[in-house]
Amino acid sequence: VVKGKIHDEL
Amino acid sequence: MNIFRLAGDMTHLLSILVLLLKIYATKSCSGVSRKTQELYAIVFLARYLDLFTDFISVYNTFMKIVFIASSLAIVWCIRVHPMVKRSYDKDLDTFRHYLLVAASFLLALFLHEKFTFLEIFWAFSIYLEAVAILPQLVLLQRSGNVDNLTGQYVFFLGAYRGLYILNWIYRYLTEPRFTRWIACVSGVVQTALYADFFYYYFISWKNNSKLKLPA
């Protein structure tokens, strides 16, 4: 998981 | 992006379109909870604060803007549009929704992934979304009869939640480090709230009769 991009859902 | 997530997003979008269609075609918001709609507007505004800080994909950015704009448009219609406003029955829509906002925010202060501004608002939006349908379900139950489009609106919203659970199961099985407790537990709670509604929705569908919720 890329840091800061964990919220990849809507 | 897997098929369940895409189908979930599409049913979510469809639910909003059905609601906008109902309001536009009938110039009425009867059976629609303004409080639930305001909670969704808060949910989207709080969650998509990262619109300015994180870029995931064009799809994500586009959908975020659509969700924010459409939820604000619906609230605007119910509050401001002269004809729609007249059809709003505030005596049926009495759920104390500010309690949900307060409780969700308090929970987010304690349960979050990181103690940062964005993360607390993200967690807050997840908790609030889980319970935001409650004023709508209570309103439907109080009014008993549910018109077709409002019933379909709630049905698609519930379907969206169900598909997101399938999406998480799929991701859990296919992604080695997929763990997101806050979103998944809240999502399951949220979906469970629809169980009762779905039960009566399927009965009315099976019997080909009008959807009625018991008082």
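Below, chains carry the letters A, B, ... as their sequence lines are ordered, and counting in each starts from 1.
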Return the NE2 to CG distance between A/His7 and B/Asp54, rounded to the nearest 0.5 Å. 8.5 Å
Surrounding CZ of B/Phe198 (heavy atoms of other residues, nucleotides or ligands, distance under 6.0 Å), is the total greater than 12? yes
Atom CD1 of residue position B/Ile3 - does it have more than 12 heavy atoms of other residues, nucleotides or ligands inside 6.0 Å? no
Assess whether a salt bridge exists between A/Asp8 and B/Arg171, defined as any Lys/Arg side-chain N lying under 4.0 Å from an Asp/Glu carboxylate O. yes
Give, for atom NE2 of B/His12 and atom CG of A/Leu10, the distance between the pair rounded to the nearest 0.5 Å. 9.0 Å
Under 4.5 Å heavy-atom distance to chain A, tell me which part of B/Glu175 shows up: side chain, backbone, both or neither. neither
Look at the side chain of B/Arg5 and the backbone N and O of A/Glu9, then say whether any donor-acceptor pair between them is shorter than 3.5 Å. no
Would you indicate whether B/Tyr172, at its atom OH, is surrounded by more than 12 heavy atoms from other residues, nucleotides or ligands within a distance under 6.0 Å? no
B/Asp9, part contacting chain A, at a heavy-atom distance under 4.5 Å: side chain
Turns out that what part of B/Tyr164 lies under 4.5 Å from chain A's heavy atoms comes down to side chain
More than 12 heavy atoms of other residues, nucleotides or ligands under 6.0 Å from OH of B/Tyr199: is that the case? no
